[in-house]
Number of protein chains: 2
Amino acid sequence: MVATHEETHVTIADRIFARIQQEIVDGTLKPGSKISEPELARAYGISRGPLREAIGRLEACSLVVRKANVGARVVSLSAEQLLEIYHVREALEGMAARLAATAMSDAEIADLADLLATHRRQIEDDPSHGYFQREGDLDFHYRIVKGSKNGRLIELLCNDLYHLVRLYRHQFGVVTRAQRALVEHEHIVAALAERDGEMAELLMRHHIRATRANAMRRIAEREAAAG
Amino acid sequence: MVATHEETHVTIADRIFARIQQEIVDGTLKPGSKISEPELARAYGISRGPLREAIGRLEACSLVVRKANVGARVVSLSAEQLLEIYHVREALEGMAARLAATAMSDAEIADLADLLATHRRQIEDDPSHGYFQREGDLDFHYRIVKGSKNGRLIELLCNDLYHLVRLYRHQFGVVTRAQRALVEHEHIVAALAERDGEMAELLMRHHIRATRANAMRRIAEREAAAG
DNA sequence: TGTGCGACTATTGTCGACAATTTGACGGAG
DNA sequence: CTCCGTCAAATTGTCGACAATAGTCGCACA
């Protein structure tokens, strides 16, 4: 066999896991809805074995909650749980920024600056700053986290928390503070370019606190309007 | 049936998961050893179904690593991975201490102070400060994390990272800096008593950095002696 | 003698069926 | 009319068997 230097034999459970994860994150499977094993098994044309393994992994990254002998439901985030997630994000991404300041290469930091320049042009061209800014925002945070070169940090944030973040953005419909967020991103990159880990952590934590405050305010408004 | 106000229908997978987790942490299953499904299924007198689910959960908390069509092995931590864990711990437990400073009740803080007083007496009575100090150290950190009242933080640290910490303590045989650690613990509790979250976080992060430095030094000594 | 190909074995991945438990409905009593 | 006990249907948990893959051993051939 030709040497596939990174071996990846994909199993059914892998595919189903990725598929359900995607459907939860993009809202096809709505928060609080039941995950019926026989139903999904028929829908996907597979057995319950791999499906159960996929559900187990979804539970591991907190996208579904499961009770014994009752079943699994898509997670439905409360405002309190969202606050908890933001506190964890602040801690972990602050550390990621600190580590990235020494672990990222000059080229990686330059690429990151280019990404922000692209964002800036798009915002100035189109103040509606809609869907793209959301993905762009996550892309920025992804790069910082990966730049930390800390495998455990990367796994925790990219494989677990960020999916939850994308889920709640659909659930609550929070809009990002595009202009201010971009400025804060630029400040963070400036700290990285100066190799100032302490400053990068402080700026990242401040940035996430501001994002949290924005989200909480929007949710409070929403609940006030709905209730 | 009598009303068990907190239902705990324990499944086979739950029991097997807890059992294997315990055996990994206490060294009965050694790092790097293979987790054979047929063998363990026979040993525990169960089917491979629940066993596979248990292995999946163990993989989720990083106690085993699994490759498709190859199998699972008990995780074997490298020094680099240990450093990564310490960085994550520093971030998360620092945040936990910050939150605990406002979330813990006066009674909980008083109990924590009592715990440290007990540790102090034991260390002064018996300078050998052996096994108990290890569990006492984890007990202290457990209480801080639980005191944060942040469910996600509690789950990440208590259900995942602390098991890894206990595992590596067996794997590397690192001894705790009993006296110095105790003093640092006391300073943290003092900050909690003053409801100074900022200070509690700084002290906790400093404490974990010191623990990390101690562990890294011991490991370097060990490797130098062995190599 | 070394190397590469091929069959073999053991383990993992997957499937369908059985058992145990929850949930909802139905009927009757207060 | 409401509440409780019983029952039935559906779902989850568990099991044993089948299929597919990886690693190994042996053998032929250069």
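Residue numbering restarts at 1 for every chain, and letters A, B, ... go by the order of the sequence lines. Atom set for the values below is all heavy atoms of this structure, side chains included, hydrogens, waters and symmetry mates excluded. Since the structure is predicted, the reported quantities are computational estimates derived from the model, not experimental observations.
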| task | Check the pair B:K146, B:E93 against salt bridge (charged side-chain N to carboxylate O under 4.0 Å, His left out), reporting the backbone distance first and the verdict last. | result | CA-CA 11 Å; B:K146 291 221 169 190; B:E93 292 202 40; over 6 Å; no
| field | nucleotides 6-16 of chain C: protein proximity per nucleotide (B base, S sugar-phosphate only, - neither; heavy atom, under 4.0 Å) | value | ------BBBBB
| Can we call the ring centroids of B:H185 and B:H119 under 6.0 Å apart? | no
Side-chain donor-acceptor pairs under 3.5 Å in residues 10-18 of chain B, sequence neighbours left out?
unit_1	atom_1	unit_2	atom_2	d
B:D14	OD1	B:R57	NH1	2.7
B:D14	OD1	B:R57	NH2	3.0
B:D14	OD2	B:T11	N	3.1

| said: If you apply the rule side-chain contact (heavy atoms from CB on, under 4.5 Å), what do you find for A:L99 with A:K149, and how did you get there? | reply: CA-CA 8 Å; A:L99 296 175; A:K149 308 290 170 64; over 6 Å; no
| Under the side-chain contact (heavy atoms from CB on, under 4.5 Å) test, which residues partner B:E37, sequence neighbours left out? | B:R48, B:L51, B:R52, B:I55
